[in-house]
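Keep in mind that this is a model prediction, so the values were computed, not measured. Letters A, B, ... mirror the listed sequences (proteins, then strands); counts begin at 1.
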Amino acid sequence: MDKPVKIVFMGTPEFAVPYLRSLTADKYFEVKAVITQPDKPAGRKQIITPPPVKIVAQENNLLILQPEKLKDNEEFLLKLKEIKPDLLVVVAYGQIIPRSILALAKLGNINVHPSLLPKYRGASPIQNAILNNEKSTGLTIMLMDEKMDHGPILAQQEIALNGTENNESLHQKMSDKKSTDFLIETIKKFIAGEIKPQPQDDDKATYCKLIKKEEAKIDWQKPVEIISAQIRAFYPWPVAWTTLNSKRAKIFPPVKITGGTDEPGKISAQDDKLIVAGQDKMLEILELQIEGKNKVKAKDFILGNHISGQYFK
RNA sequence: CGCGGGGUAGAGCAGUAGCAGCUCGCCAGGCCCAUAACCUGGAGGUCGUGGGUGCGAAUCCCACCUCCGCAA
């Protein structure tokens, strides 16, 4: 390659940041523009906050575009055309990308999706792989077409799960050095013509929707494996919760599954340990937070509250 | 002006006008083959900050700082 490959990068959350960093660090590429979601109000005070990708793009003095919408946005489309990108790389952008934009890049449009497609197409592949207690999941690098997570696959990398991962740790794992290297190597091989894109088997496709907060309420009538999966899948957002004396109690990972049974939801403080019964076994909680209070370790919680024999509902 | 709950010993909490407490931890000593067990004693607090009311304020009033739950 005599000239660097001109890339337009689209991405928004923390997950996309390592990918952007690795692309900007590689001389083979030149990131001509970063497209990310507009700054949005966040937190209790609703302070306008830039997305993580924007912050990193600013640090690297990259051109940043934050269109409200992509569809029928002539002004935005013109700017992209001026750039004449060779490649569009999309990592967790957060919006459907219309055909008019997919038509721009000369070499193609590449997407990183954190599941082994065609399984878990859609918005929350990592959470759902954990929720369903999958034995493994992975990363897929694919070419985009106009259907969601539907395009032909360039390469996949499997990641084994052992039942202790939470949403945050898996996100980190899927954007670590190995993962970003995987993207870069795949792009290079693809441009060199060494990869033949493989169409997905649509019959095997499964879909996952955006996580809703209601799904994070714990039902103690369920088996503890399911409750444990919920607690891990919903950390750090929206965080699995239950109630104690009509107050909301967030339950944080990790939790330990232990033997024995009791009435579902019943709490017992055994020494320093906070044990709650599920449908079939017991769950040891290590960290929790009552509304209005800070997060505390189970041991500290037991000391200040005599709760043995009460129920989570 | 979105709604709401907190800030008290190193930790977690109780105390809502009248001597600042509980559990754990910590220090010293005792018991014991021994211990995270048990017994005895001890240290450790400007009760978030500033002002106000009262004979008297952790407690009531006002302002501010700060942490957090909901909502978005």
Side-chain angles (χ1 to χ4, degrees), chain A residues 11-17 36-55 66-70 92-96 122-124 126-128 131 166-169 171 208-220 227-256 258-260 265-277 282-313:
Chain A
T12 303
E14 202 59 51
F15 180 74
V17 166
T36 191
Q37 299 278 345
D39 297 4
K40 281 178 183 161
R44 212 187 323 274
K45 295 271 157 60
Q46 295 291 284
I47 295 163
I48 301 291
T49 309
V53 160
K54 181 181 180 181
I55 294 167
Q66 295 180 282
E68 278 291 338
K69 60 165 192 169
L70 300 177
Y93 174 63
Q95 266 190 56
I96 304 275
S124 55
I126 294 179
Q127 289 93 325
N128 277 282
L131 265 186
N166 64 58
N167 183 32
E168 183 180 59
S169 67
H171 265 93
C208 50
K209 292 176 187 161
L210 211 58
I211 298 287
K212 285 186 202 145
K213 275 189 289 192
E214 302 86 75
E215 298 172 61
K217 168 133 206 230
I218 294 170
D219 178 359
W220 297 100
I227 297 171
S228 162
Q230 246 184 315
I231 290 167
R232 290 178 288 110
F234 296 146
Y235 177 80
W237 190 92
V239 184
W241 60 280
T242 181
T243 61
L244 178 67
N245 300 324
S246 316
K247 282 191 176 170
R248 201 176 260 254
K250 289 182 171 181
I251 310 292
F252 294 89
V255 291
K256 288 184 194 165
T258 63
K266 189 167 181 182
I267 302 163
S268 51
Q270 300 169 6
D271 302 326
D272 295 344
K273 293 175 179 173
L274 184 63
I275 312 279
V276 191
M282 316 275 268
L283 211 55
E284 182 188 344
I285 292 170
L286 301 177
E287 266 192 328
L288 72 164
Q289 179 175 23
I290 305 294
E291 67 176 77
K293 297 289 193 177
N294 289 320
K295 182 157 80 166
V296 293
K297 296 194 191 314
K299 183 183 173 183
D300 295 331
F301 183 70
I302 291 167
L303 286 175
N305 305 274
H306 35 347
I307 45 130
S308 209
Q310 297 194 53
Y311 292 82
F312 280 135
K313 284 176 188 162

Just verifying a value: how many Å separate A/Leu244 CG and A/Asn305 CG, rounded to the nearest 0.5 Å?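 Between A/Leu244 CG and A/Asn305 CG, I get 8.0 Å after rounding to 0.5 Å.
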
Separation of A/Gln127 CD from A/Asn166 CG (nearest 0.5 Å):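 These two atoms lie 10.5 Å from each other.
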
Pairing residues for A/Phe312 by the ring pair (Phe, Tyr, Trp, His ring centres under 6.0 Å) criterion, not counting sequence neighbours: A/Trp220

Say we look at [N] and [M]: how far apart would their [atom1] atoms be, to the nearest angstrom?
{"N": "B/rG7", "M": "B/rC47", "atom1": "P", "answer": "14 Å"}
{"N": "B/rG52", "M": "B/rU59", "atom1": "C1'", "answer": "15 Å"}
{"N": "B/rA63", "M": "B/rA9", "atom1": "C1'", "answer": "28 Å"}
{"N": "B/rA11", "M": "B/rG48", "atom1": "P", "answer": "14 Å"}
{"N": "B/rC62", "M": "B/rC13", "atom1": "C1'", "answer": "28 Å"}
{"N": "B/rA72", "M": "B/rG2", "atom1": "P", "answer": "15 Å"}
{"N": "B/rC64", "M": "B/rC27", "atom1": "C1'", "answer": "39 Å"}
{"N": "B/rC3", "M": "B/rU16", "atom1": "C1'", "answer": "24 Å"}

For [N], the Watson-Crick or wobble counterpart (both distances under 3.5 Å):
{"N": "B/rA57", "value": "none"}
{"N": "B/rG12", "value": "B/rC22"}
{"N": "B/rG2", "value": "B/rC70"}
{"N": "B/rC47", "value": "none"}
{"N": "B/rG29", "value": "B/rC39"}
{"N": "B/rA34", "value": "none"}

Among all residues two or more places apart in sequence or in another chain, which pass the side-chain contact (heavy atoms from CB on, under 4.5 Å) test with A/Ile48?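 With sequence neighbours excluded, A/Ile48 shows a side-chain contact (heavy atoms from CB on, under 4.5 Å) to A/Asp39, A/Pro41, given in chain and number order.
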
With A/Gln95 via side-chain contact (heavy atoms from CB on, under 4.5 Å) - residues at least two apart: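 With neighbours one apart ignored, the set is A/Gln37, A/Leu70, A/Tyr93.
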
Can you tell me how far [atom2] of [N] sits from [atom1] of [X], to the nearest Å?
{"X": "A/Arg248", "N": "B/rG69", "atom1": "CZ", "atom2": "C1'", "answer": "8 Å"}
{"X": "A/Leu288", "N": "B/rG69", "atom1": "CG", "atom2": "P", "answer": "13 Å"}
{"X": "A/Lys213", "N": "B/rC70", "atom1": "NZ", "atom2": "C1'", "answer": "8 Å"}
{"X": "A/Lys217", "N": "B/rG69", "atom1": "NZ", "atom2": "C1'", "answer": "15 Å"}
{"X": "A/Lys297", "N": "B/rC13", "atom1": "NZ", "atom2": "C1'", "answer": "17 Å"}
{"X": "A/Ile302", "N": "B/rU23", "atom1": "CD1", "atom2": "P", "answer": "16 Å"}
{"X": "A/Asn294", "N": "B/rU66", "atom1": "CG", "atom2": "P", "answer": "15 Å"}
{"X": "A/Lys212", "N": "B/rA72", "atom1": "NZ", "atom2": "C1'", "answer": "17 Å"}

If you find the nucleotide of RNA chain B closest to A/Phe301 and the one closest to A/Pro238, which residue's nucleotide is nearer the 5' end?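 Residue closer to the 5' terminus by nearest nucleotide: A/Phe301.
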
Hey, which sits more toward the 5' end of RNA chain B by its nearest nucleotide, A/Val296 or A/Leu303?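 Its nearest nucleotide being more 5', the pick is A/Val296.
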
Return a table of donor-acceptor pairs under 3.5 angstrom between the side chains of residues 284-301 of chain A and protein atoms on other chains or two or more places apart.
from	atom 1	to	atom 2	distance (Å)
A/Gln289	NE2	A/Lys293	O	2.7
A/Glu291	OE1	A/Arg248	N	2.9

Quick one: does A/Asn128's side chain have a donor or acceptor within less than 3.5 Å of a partner on A/Leu131's backbone?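 Such a contact is absent between A/Asn128 side chain and A/Leu131 backbone.
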
When we call it a touch if two heavy atoms are under 4.0 Å apart, what does A/Lys250 touch: a base, just sugar-phosphate, or nothing? sugar-phosphate

Check: A/Gln66 and A/Pro51 side chains under 4.5 Å, non-hydrogen atoms: yes

Syn or anti for B/rG54? Use the chi torsion, O4'-C1'-N9-C4 for purines and O4'-C1'-N1-C2 for pyrimidines, with syn inside 90° of 0.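 B/rG54: syn glycosidic orientation.
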
Sequence neighbours excluded and cut-off under 3.5 Å, please list the side-chain donor-acceptor pairs for residues 208-218 of chain A, or say none.
from	atom 1	to	atom 2	distance (Å)
A/Glu215	OE2	A/Lys212	N	2.7

So which protein N/O to nucleotides 2-5 of chain B N/O distances come out below 3.5 Å?
from	atom 1	to	atom 2	distance (Å)
B/rG5	N2	A/Gly292	O	2.6
B/rG5	N3	A/Gly292	O	3.4

